[in-house]
Trainee: 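Pasting a structure here, questions to come.
Heavy-atom basis, side chains included; hydrogens, waters and symmetry copies ignored. We name chains A, B, ... by the order of the sequence lines, and we start the count at 1 in each one.
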Amino acid sequence: MTVSYTKDVVSNKGLGCFLKLLLRWRGSVYKLIWMDLLVYLTFYFALSFVYRFALNDYGKHLFEQVSLTCSRHAENIPLSFVLGFFVSLVVGRWWDQFRAIPWPDTLALFVSTSLAGNDRRGRMMRRTILRYINFSMSFTFSMISPIVKRRFPTLAHFEDAGFITGNERQIYSRMSERTPHTLYWMPMAWAGALVCRARKENRIKDDIAMKTIIDEITRLRSRCGSLLGYDAINIPLVYTQVVTWAVYAFFIMNLMGRQFLDPSKGYEKFPIDYYFPVFTTLQFCFYMGWLKVAESLINPFGDDDDDFEMNFLVDRNLQVI
Amino acid sequence: MTVSYTKDVVSNKGLGCFLKLLLRWRGSVYKLIWMDLLVYLTFYFALSFVYRFALNDYGKHLFEQVSLTCSRHAENIPLSFVLGFFVSLVVGRWWDQFRAIPWPDTLALFVSTSLAGNDRRGRMMRRTILRYINFSMSFTFSMISPIVKRRFPTLAHFEDAGFITGNERQIYSRMSERTPHTLYWMPMAWAGALVCRARKENRIKDDIAMKTIIDEITRLRSRCGSLLGYDAINIPLVYTQVVTWAVYAFFIMNLMGRQFLDPSKGYEKFPIDYYFPVFTTLQFCFYMGWLKVAESLINPFGDDDDDFEMNFLVDRNLQVI
Amino acid sequence: MTVSYTKDVVSNKGLGCFLKLLLRWRGSVYKLIWMDLLVYLTFYFALSFVYRFALNDYGKHLFEQVSLTCSRHAENIPLSFVLGFFVSLVVGRWWDQFRAIPWPDTLALFVSTSLAGNDRRGRMMRRTILRYINFSMSFTFSMISPIVKRRFPTLAHFEDAGFITGNERQIYSRMSERTPHTLYWMPMAWAGALVCRARKENRIKDDIAMKTIIDEITRLRSRCGSLLGYDAINIPLVYTQVVTWAVYAFFIMNLMGRQFLDPSKGYEKFPIDYYFPVFTTLQFCFYMGWLKVAESLINPFGDDDDDFEMNFLVDRNLQVI
Amino acid sequence: MTVSYTKDVVSNKGLGCFLKLLLRWRGSVYKLIWMDLLVYLTFYFALSFVYRFALNDYGKHLFEQVSLTCSRHAENIPLSFVLGFFVSLVVGRWWDQFRAIPWPDTLALFVSTSLAGNDRRGRMMRRTILRYINFSMSFTFSMISPIVKRRFPTLAHFEDAGFITGNERQIYSRMSERTPHTLYWMPMAWAGALVCRARKENRIKDDIAMKTIIDEITRLRSRCGSLLGYDAINIPLVYTQVVTWAVYAFFIMNLMGRQFLDPSKGYEKFPIDYYFPVFTTLQFCFYMGWLKVAESLINPFGDDDDDFEMNFLVDRNLQVI
Amino acid sequence: MTVSYTKDVVSNKGLGCFLKLLLRWRGSVYKLIWMDLLVYLTFYFALSFVYRFALNDYGKHLFEQVSLTCSRHAENIPLSFVLGFFVSLVVGRWWDQFRAIPWPDTLALFVSTSLAGNDRRGRMMRRTILRYINFSMSFTFSMISPIVKRRFPTLAHFEDAGFITGNERQIYSRMSERTPHTLYWMPMAWAGALVCRARKENRIKDDIAMKTIIDEITRLRSRCGSLLGYDAINIPLVYTQVVTWAVYAFFIMNLMGRQFLDPSKGYEKFPIDYYFPVFTTLQFCFYMGWLKVAESLINPFGDDDDDFEMNFLVDRNLQVI
């Protein structure tokens, strides 16, 4: 479920509204990086232990030289740039995906105002159209979100939930077997055909109303297609790899480069020995946290704390319609 | 209320129009950070006092070494990048939210030109449609803005203000109890139904006019939905935390790192003792002010000086319609 | 009037087309910053004079230490970042505002092709509709642009220019007194009502043509509303202040930090004494000029060299329609 | 085929979902740069060999000086900026191109719901309209994608695949010969004419349905035009050259600048001799990988691992329609 | 003519597809900067000559100090930032302008499908409407592109090319004389009037078809207006000047700052004398090339190698229609 903190940042009084956000756990940076940090510090202290107790003088000297080189070169990696541009891209796509999510409300309004008739057949038609749309959308969600997939692993589950009838399921299955291409849009075509029939039976009074409904159906379809597009074509792997690589290379170098060297040897960077790498930890939280922003948002239909709750949406659509 | 300074920057003559903006208090950076600055300086001088009077020579030496380390590492935090990208994102969302605010004017024009009839029922219909829309919008505002919420804490308050009748309120309450989902759009559906009836009674003369009105209603609804979307899905908490964390870590390090060390010891950075940290204060104002930009704008429906005035909008809509 | 140089940059031959742009005065950076530079240099030389002639040795020493500290800390202000992001934002809004300016041409075409009748009443109707629109737009311009305001300080001036009749002005005034909200859109509503009447009199032959005209009127209105939105909600004051503050702080520090210190004392940064701060002047022109870009564009409806010429537009609309 | 990794980044648990992406080969940065790296290291070790074994003392001294200069100047090239801005631009265009790809689904829905008649002629008309559209689109794809071109090198191949009849091919060829301009849109005009005829034969019942179909055809055409526009007008060559030049200049300088100089000579940068340039290799992977992102995406219709699969699309359209 | 290299970057194999782009001349960075570089090197060597042969010891000392100061301050100019943001802006506008170019194809399709009648008058009407549109567009092109202007310097040339008849030219001229405002849109109004007449003569069968045509005409007009807007309102001069100024100031400083000083004097930066400023030349190519990107694209309707070919478009439109 998306972690909402909007209500906490309503007013920017006193010491600022962001300060209290630092204490949250759900959806927080701490929750995302504590394990990475643990692993990192383990390696760090292992190396530290080796330096302090296991090496002889020559070994220590070598260690120190390597540490200095690592330290110098780590600074050459422009992490902030790469992360800045990459996270901008990811956040932009994340929000575009949110806005691409289809909502059936408008169609429901159109259908209820334009498709007249309070007899059984009229009500049936209205309900069936919306059911088809709902099925198409939920099926799309199940293709992009593993959570919805877990809930509806097969068409049978959709049938149980009332999205399709057994009859429709069989037709759909048979069609699916004949083509390698996804048929998420087919129920929408069925809905379109039903609208046509309603127009012919004069339950939809005029051509404009029919066009309005058909337009809305195609709009919903193009949104489903959009979501599938975002799912199929992610940010190119090579970009993601380059960024990940940069962050990990930076911290691997710093494993050595940030070791506290013997202060008595007078290396400029290490006047005293802190034992615990306070500053490196801070920097780790910062950069790794920034990368975790990208990791969380690159696929917003999963089960991270900050992912969109598609199951909630499926339920809502079932109820509202 | 939004602080408007547009009229002050009309003309860029003399020493520039931004200079005089520095003297403002309402909505200013000074108003936002004076308390933070006070707290910061208190800690700073406490540490300074300890260094100058409380520590012995060895303590002073340790203090100095810690100070030097802090100073060096604070410079490694790329605050300007992080804040630059983050504030860009926040400002972008802030403006998008402003543009998503629905205005009922166009609908009012459509209704008055297309829904004919100067008899009582005609006038009643026009007024009721707009009243429904207005209620939906104001109710949406009350969901996203705590200020509007304070004004209309319950449905009864909406009834008192004339947005709904007692009868409608009961229906609305009953429906709300049955579902965990918000029903902000229901009065809009009522308005749609009313438009249909007006068409059937031939008060709306043609299908195109009806389509125009229905389209506008759905447009308003999608804007309300948009606002609720911005409210529910804020910038992911982890991003906000990372940025906040970076700023605070920077200044906590600088609490030590910017202490004036004994000039007689010849640390390169501290040739003379200023007692008051002029430059650190300036830097604090700058970076903390930049963060405050984000804090102010991340939820623009609160009661910050720079937030959108939703109550004003509610009043206007009541009057104009 | 906007300074156009498009024709000068048609072809990128020889030493490049930007070189000759450096020689321009109207709308130039020189015109915008010469006064700031003068003030700056005055202070600079005053300080320089004090250092060279008024201070004793101890005073000089203090001066030098302060100068070195200022110099070091000024470099910590990431001016280029802040200005880069801020100017991007301002330029984006500036262009959005240009594109939001409403043009009545399309409406004029629609009215002339769809509202038939060459009799007196037909011509009158066409002219009145456009006159109303024109008034609404010009009135909006007078609200956002002090230049148009100077031309039309009161409604009487609009009447004199032929935008409204005396009768209409009285109605408009009376309505305005009753509400604190702006009524810029009212003449557009009048125009809408007139279109309705024309439809009823069958001067507009079909519903589609009427819808087209009404749609265009609402589009113009929403653009006027857009312009007023940009006027009311500027970039938050706190952001503008932070940026301005950063630039001024930078140059105030540099007043001291860029003083030429006695070369004989061997401060690394000051091997020889140039007397005139050539490089500081260059840097001043550069950063201050960048800030001036923002100052010029933040309100593009004023009377800067580069502001949009709204009076020209008012004249054009009067003629073209 | 696009390399999809969306399913691997569903959940951000444990050590983060990006870590496992580093192990992929298809579409990876390793696959793209291993050859560059090999060439680079060959040159590097050749120079290293010369320095270590072939040069006399004076030669070594010269080599060292050149190396130091190269090292210093290479750092002046702001690679991260240039690449950051350029890759942003390329990625933006890449996604815009993906979204510009036309899909015939909506048209198919419109045609099947609006063009009535289950007789032979009715079915023929529907199929022919879609066939024309499909041909236009596939022909456009063959113009921008060398892969589709390889599959359909001549019109005869399109005829074999059933996109056009022999008769149509002859007409199309004859028209093409008369003009130097591309005629990709002509079959769409044929489809439009066919829609007209269907309207006249009253197979399309009303004007609105016909308008809907014609609008969709023009929308598809403008998308094809869009794709051709992206193909004809790429990012200006000069920009691409500047960026490429910067990256190569950087690494050519570093060929010298990152040589390990004799540690006994005490050059600050080279305390010990690593023999293998670990850090330079890392940096090479990073910057060169970033450039490869741009190289991969600048023309997304080729046969890189990450390019859009147009042949797949051609097949799908043939089947679905 | 736009330099297309899309086909060269289809596949990213081997050492990368950008490498071969470096060898191109047309539209290349070399072609754009060779003259600047020549001038730059001339000045550089003149100064170098003075330093080496013309100055006495004291002169040399002064020269060296100035050189060191220049070198230090040149590094303070954040060229990469300024150019990064500015070029982003210019490239954004350049592409927006490309997309704003109007294409008459859709209108041609609408006219041919909706305006019936194979008699002489029917054909005449269709042709005249498109001729008017074509004239409006070509006239607009002649206003923004000096190349098209050279081809059609007067209205008489348009008449010769068959865009207008002599009669129409006279009307157009007479109207133009009466107003200082451009009348590019007038032939479009004529086209609109002709469409109206065709509707009245029942050659256009229904209101919807007429609306479609009129809508498309207004869309073309608004695109022409868009292009003229881009032409009239360029990026504010002050911004362009600031950027240009920054680049030139940087290289003027480097004229001195990058001189090779006598190595025997032991200035840290100049261990050996290269005689030819290799690195400065590289840097010059890079930064100046980046600026040239902006110079080339700021007015894309000129005759640079990379400008849009408007004459080609004029020819195409004449043929296609």
Trainee: Give, as side chain, backbone, both or neither, the part of B:Trp95 having an atom under 4.5 angstrom from any heavy atom of chain C.
Mentor: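 For B:Trp95, side-chain heavy atoms alone lie under 4.5 Å from chain C.
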Trainee: Taking every heavy-atom pair that is under 4.5 Å apart, which of B:Val278, B:Leu109, B:Thr280, B:Ile33 has the most such pairs with chain C?
Mentor: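 Result: the option with the highest number of such pairs is B:Leu109.
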Trainee: Do the charged groups of B:Asp206 and B:Arg199 touch, with an N to O distance under 4.0 Å?
Mentor: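 No, B:Asp206 and B:Arg199 are not salt-bridged.
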Trainee: Between chain C and each of B:Leu297, B:Leu79, B:Ile101, count heavy-atom pairs under 4.5 Å; write down the option with the most.
Mentor: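 Looking at each option in turn, the highest pair count goes to B:Leu297.
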Trainee: I'd like to know if the side chain of C:Asn254 reaches the main chain of C:Gly257, judged simply by a donor and an acceptor atom lying under 3.5 Å from each other, with no hydrogens or angles considered.
Mentor: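 Between the backbone of C:Gly257 and the side chain of C:Asn254 there is no qualifying donor-acceptor contact (under 3.5 Å).
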Trainee: Assess whether atom CH2 of C:Trp190 is packed by more than 12 heavy atoms of other residues, nucleotides or ligands within 6.0 Å.
Mentor: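 Counting other residues, nucleotides and ligands, CH2 of C:Trp190 exceeds 12 neighbours.
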Trainee: Is B:Phe286 in contact with chain C via its backbone, its side chain, both, or neither, using a 4.5 Å heavy-atom distance?
Mentor: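 Looking at B:Phe286, backbone and side chain both touch chain C.
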Trainee: Tell me, for C:Val66 versus chain B, whether the close heavy atoms (under 4.5 Å) come from the side chain, the backbone, both or neither.
Mentor: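 Looking at C:Val66, backbone and side chain both touch chain B.
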Trainee: Has B:Arg258 got a side-chain atom pairing as donor or acceptor with B:Tyr44's backbone, closer than 3.5 angstrom?
Mentor: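 Answer holds: no.
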Trainee: Does any heavy atom of chain B fall under 4.5 Å from the side chain of C:Ala74, the backbone, both, or neither of them?
Mentor: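 Neither part; nothing is under 4.5 Å.
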Trainee: Using atom types as modelled and distance alone, determine if a side-chain donor or acceptor of B:Gln259 lies under 3.5 Å from a backbone N or O of B:Leu255.
Mentor: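 Yes, the answer is positive, given that a donor and an acceptor are paired below the 3.5 Å cut-off.
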Trainee: Using a cut-off of under 4.5 Å on heavy-atom pairs, state which of B:Leu83, B:Thr113, B:Val91 scores highest against chain C.
Mentor: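 Between B:Leu83, B:Thr113, B:Val91, the count favours B:Thr113.
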Trainee: Counting only non-hydrogen atoms closer than 4.5 Å, does C:Ala189 touch chain B with its backbone (N, CA, C, O), its side chain (CB onward), both, or neither?
Mentor: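 Answer is both: backbone and side chain atoms of C:Ala189 are under 4.5 Å from chain B.
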Trainee: Which answer fits B:Ser88, side chain, backbone, both or neither, if we ask what part of it has an atom under 4.5 Å from a heavy atom of chain C?
Mentor: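 The answer is the side chain of B:Ser88.
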Trainee: Is chain B contacted by the side chain of C:Arg93, its backbone, both, or neither, given a heavy-atom distance below 4.5 Å?
Mentor: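 Only the side chain of C:Arg93 comes within 4.5 Å of chain B.
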Trainee: Please state whether the side chain, the backbone, both or neither of C:Tyr230 comes within less than 4.5 Å of a heavy atom of chain B.
Mentor: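 Both parts, backbone and side chain.
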Trainee: So does B:Phe276 have more than 12 non-hydrogen atoms from other groups sitting under 6.0 Å from CZ?
Mentor: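 It does: B:Phe276 CZ has more than 12 such atoms within range.
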Trainee: Can you list the steps and then say if C:Ser142 with C:Lys149 is a side chain to side chain donor-acceptor pair (under 3.5 Å)?
Mentor: CA-CA 4 Å; C:Ser142 80; C:Lys149 188 74 195 172; 4.7 Å; no
